[in-house]
Protein chains: 4
Amino acid sequence: MSASPERRRQLLDTAAAVFAAQGYDATTVRRIADAAGMLAGSLYYHFDSKDSIVEEILRGFLDELAGRYDTVLAAGLGPRETMRALVTESFREIDRHGPAVAIYQKESKTLAARERFAFLAASQSTFEQTWLTTLKDGVAAGEFRADLDIRLTYRFVRDTVWVAASWYRPDGRHSPEEIARQYLATVLDGIAAPDRSDHSPAPQG
Amino acid sequence: MSASPERRRQLLDTAAAVFAAQGYDATTVRRIADAAGMLAGSLYYHFDSKDSIVEEILRGFLDELAGRYDTVLAAGLGPRETMRALVTESFREIDRHGPAVAIYQKESKTLAARERFAFLAASQSTFEQTWLTTLKDGVAAGEFRADLDIRLTYRFVRDTVWVAASWYRPDGRHSPEEIARQYLATVLDGIAAPDRSDHSPAPQG
Amino acid sequence: MSASPERRRQLLDTAAAVFAAQGYDATTVRRIADAAGMLAGSLYYHFDSKDSIVEEILRGFLDELAGRYDTVLAAGLGPRETMRALVTESFREIDRHGPAVAIYQKESKTLAARERFAFLAASQSTFEQTWLTTLKDGVAAGEFRADLDIRLTYRFVRDTVWVAASWYRPDGRHSPEEIARQYLATVLDGIAAPDRSDHSPAPQG
Amino acid sequence: MSASPERRRQLLDTAAAVFAAQGYDATTVRRIADAAGMLAGSLYYHFDSKDSIVEEILRGFLDELAGRYDTVLAAGLGPRETMRALVTESFREIDRHGPAVAIYQKESKTLAARERFAFLAASQSTFEQTWLTTLKDGVAAGEFRADLDIRLTYRFVRDTVWVAASWYRPDGRHSPEEIARQYLATVLDGIAAPDRSDHSPAPQG
DNA sequence: AATGAATGAGAGTTCATTCAT
DNA sequence: AATGAATGAACTCTCATTCAT
């Protein structure tokens, strides 16, 4: 259909920004077209449907992220460093494709119920495996606490990372690496001040 | 014979479940009516509009939560215990009104832009103050790390807590208190195993 | 159905006032009920339908008016005096049943198209005959100008009289008889000052 | 190839005819669309709402009429000739835009209560001034009877003129000028035959 | 590559009406 | 005599989509 892949990219970026700001269902095709400086009907020269637009946005984001995660895993770091790297790549992804991540975070649960978006569930499974394995290995290696509830921890980590897409601004004070560092400090070592053995509930012996 | 307020409550609960499952915009009034065993038009005997339904759901949740938070603050606990209590109340709220929380988490940003839902922004401000104060006090009291980025930490805490509403099932394995305990362990002390080489040279023998 | 004809009358008056103020189609049954201090459904104890309410209002008005006109005709006055009497009775009817007249004036054309309201067309025919005869007799008797277009004049007379229902207030400055007198002065003798033979278009010899 | 404004005009004319025939409230948007040979939804490509359609119809009519009246006033004729000209222009307007006038006559009172249609009240005031001034000047100049109730006369004149829109057919026997002449004969000189006994003892030989 | 006009399905909402109580 | 709750049809309006130009 479309001749220029660049135009396509522009349009996808425009659409992603609108979807992220208003929500997928609340976004009309006309609004995207407005933002792109054309009429609603004209979008159909470039894309088959509204669904196909989000699909392409989400696939692009997920493919890229999967690639980054694979690279991290291929490096064969220890669990703690792997986690550091995964988190950092995640915040970088938010930095690069914030709108796509925000859409993913907000809409994937609903979209995944539809056949067309089955790939969302598949991706999620893969990512889940990556994280569960890393956490489990970390516990086995004695790098993470032995009493962690792995699945619960996975959810906490996953959600806090992605939810950042809803407030992160690429031009804000914090670089993605800085946010990742802060985030990791919190998650790895906690926000409590270093232990002075006076916590209220006596530390279970 | 069911008095009006009870029927209203039933309908609100039904609606909340549907909104939470499908998203506000994607939910049709007909679908809510189906779930309630009536026709779409009949809903309008009880409510003015689709908007007024979510509004009532969200107001109910926010009012209740504000009350709980106030009780916590009025207890005058130290920052660490205050945080523990706030988190626990939050997970209990998810336990009681999961759908309402899920709607709040997913839709409030978009809804708050509309005049009718300005109260959402107001509530959020109040909650933000509660958390920021608690965190600041904790740092001042030496209970939380001195190097915390307060705002960033606030966001992490807020988001992880609320996002739990999207996967929490009241009949699941974990009670809200159990989840709160796990969560607090993570956030307060981190997921890293107590490290012998980095800082304190072996915590508590 | 209804026990008390008085209650019925009250309700009809209330309904007539609302219909006259808002128009038949724009008036909801609920609004009438509100004005009557009851719920919409309760009206159906007294009346079969919204249609039956207007029908009763209009029939009441038309029957009464037909009676008055008949009395006038039965008096056997000359055309000029007959006209005077018909006009006066018409304004009195507006005084007594302003809302009913206003509804008739505004809605009868549309309503008459429906089988149920065929009686409107019938009444109108009768009235038309009364007027046409009176005018024709007046011309024949030399009391009205010989060059009158009878049908046109009939319409002018009919419309100006009825349209008064839309602005007439029973408690206003003018009594119905006073308005009738003014009206007749205008229609019979014109608004021009008594002829001084200096009209612009030379009075055709 | 029909340029947008032409299509718009066509659709407005179609809508005006339907509104005039059935009444504004009783007219569904589907019926207008039917009459225009399209589906209901398609109308919304051209117009924002049903309200905006009547608004445009009424504004068009009122603007044009105001222009004609202004031209008449600018001519600086005497009161009697001014009146003649105003009446003639009014019937011509009915000839050109009968449906619009009929809608104005029937619906403006109800519509004017709504903010959007406040312009109706404004126009009416202007027209009222035009007529009151003309009548007053005529009385002062001795062209109209000294004992006229100006406001009452204004209402009679206004209503009879506009109400003609409800029965006037452009293809009927009478041209607008002819109707205006008949009408003026009635209003200016009355329908009574020149009377020999009452006042002037035989007008002009 | 884009426009202008239309489609058709379905959305939220209204409303006359019904009926058990 | 009236209420409270519901029905079901219809209404205005929106929107993704199509297609001739």
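Just so we're on the same page: letters track the sequence lines, and every chain starts at 1.
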Review point. If you look at every strand shown and take non-hydrogen atoms under 4.0 Å, does Ser52(C) touch a base, only sugar-phosphate, or nothing?
Key: nothing

Review point. NA contact type, Val29(B), heavy-atom cut-off 4.0 Å: base, sugar-phosphate, or nothing?
Key: base

Check your understanding: So does Ser42(B) get a side-chain nitrogen or oxygen closer than 4.0 Å to the phosphate oxygens (OP1/OP2) of dA5(F)?
Key -> no

Check your understanding: Out of dA6(E), dC13(F), dA1(F), which nucleotide sits closest to the side chain of Arg7(D)?
Key -> dA6(E)

Check your understanding: From Leu12(D) CG over to Glu55(D) CD, what is the distance, rounded to the nearest 0.5 angstrom?
Key -> 11.5 Å

Check your understanding: What's the CG-C1' distance between Leu11(B) and dG4(F), to the nearest Å?
Key -> 14 Å

Check your understanding: Rounded to the Å, how far apart are Asp25(C) CG and dT12(F) P?
Key -> 11 Å

Check your understanding: dG4(F) C1' sits how many Å from Glu6(B) CD, rounded?
Key -> 15 Å

Review point. Between Asp51(C) (CG) and dC15(E) (P), how many Å, whole number?
Key: 16 Å

Check your understanding: Is NZ or CZ of Lys50(A) both nearer than 6.0 Å to the six-membered ring centre of Tyr24(A) and within 45° of the ring axis?
Key -> yes

Check your understanding: Starting at CZ of Arg31(B) and ending at C1' of dG12(E), how long is that distance when rounded to a whole Å?
Key -> 16 Å

**Study point:** Nearest-Å distance for atom pair CD1/C1', residues Ile32(C) and dT17(E)
**Key:** 13 Å

**Study point:** Listed nucleotide nearest any side-chain atom of His46(D), set dA6(F), dT13(E), dA6(E)
**Key:** dA6(E)

Review point. Can a donor-acceptor pair under 3.5 Å be found between the side-chain atoms of Arg30(B) and the base atoms of dG12(E)?
Key: yes

Exercise for review: With a 3.5 angstrom cut-off on both distances, give the Watson-Crick or G-U wobble partner of dA9(F), or none if there isn't one.
Suggested key: dT14(E)

Review point. Which nucleotide, in any strand shown, forms a Watson-Crick or G-U wobble pair with dT21(F), with both distances under 3.5 Å?
Key: dA2(E)

Exercise for review: For Leu39(D) and for Leu39(A), find the nucleotide of DNA chain E with the closest heavy atom, then tell me which residue's nucleotide is more 5'.
Suggested key: Leu39(A)

Point to revise | Distance test, side-chain N/O of Tyr45(A) to OP1/OP2 of dA2(E), below 4.0 Å | key: no

**Study point:** Whichever of Ser49(A) and Gly41(B) has its nearest DNA chain F nucleotide further upstream toward 5'
**Key:** Gly41(B)

**Study point:** Heavy-atom side-chain proximity of Lys109(B) to Gln124(B) below 4.5 angstrom
**Key:** no

Exercise for review: Mind checking the CG-OG1 spacing from Asp25(C) to Thr110(C)? Nearest 0.5 Å is all I need.
Suggested key: 7.5 Å

Point to revise | Base-pairing assignment for dA16(F) (Watson-Crick or G-U wobble, both under 3.5 Å) | key: dT7(E)

Review point. In whole Å, what is the span from the NZ atom of Lys50(B) to the C1' atom of dT14(E)?
Key: 17 Å

Point to revise | First of Ala40(C) and Tyr24(D) reached from the 5' end of DNA chain F, by closest nucleotide | key: Ala40(C)

Practice item. Could you check which of dA2(F), dA16(F), dT3(E) has an atom nearest any side-chain atom of Tyr44(A)? Key: dA16(F)

Exercise for review: Report the C-alpha distance between Arg59(C) and Glu56(C) in whole Å, list the side-chain angles of each, state the deciding distance to 0.1 Å, and finish with yes or no for salt bridge (charged side-chain N to carboxylate O under 4.0 Å, His left out).
Suggested key: CA-CA 5 Å; Arg59(C) 283 208 127 102; Glu56(C) 202 163 330; over 6 Å; no

Exercise for review: Please work out if Thr28(D) contacts a base, only the sugar-phosphate, or nothing of the nucleic acid, heavy-atom cut-off 4.0 Å.
Suggested key: sugar-phosphate

Check your understanding: Under 6.0 Å from the CZ atom of Arg96(D), do we count more than 12 heavy atoms belonging to anything else shown?
Key -> yes

Exercise for review: Quickly work out the Arg8(B) CZ to dA6(F) P distance and round it to whole Å.
Suggested key: 13 Å

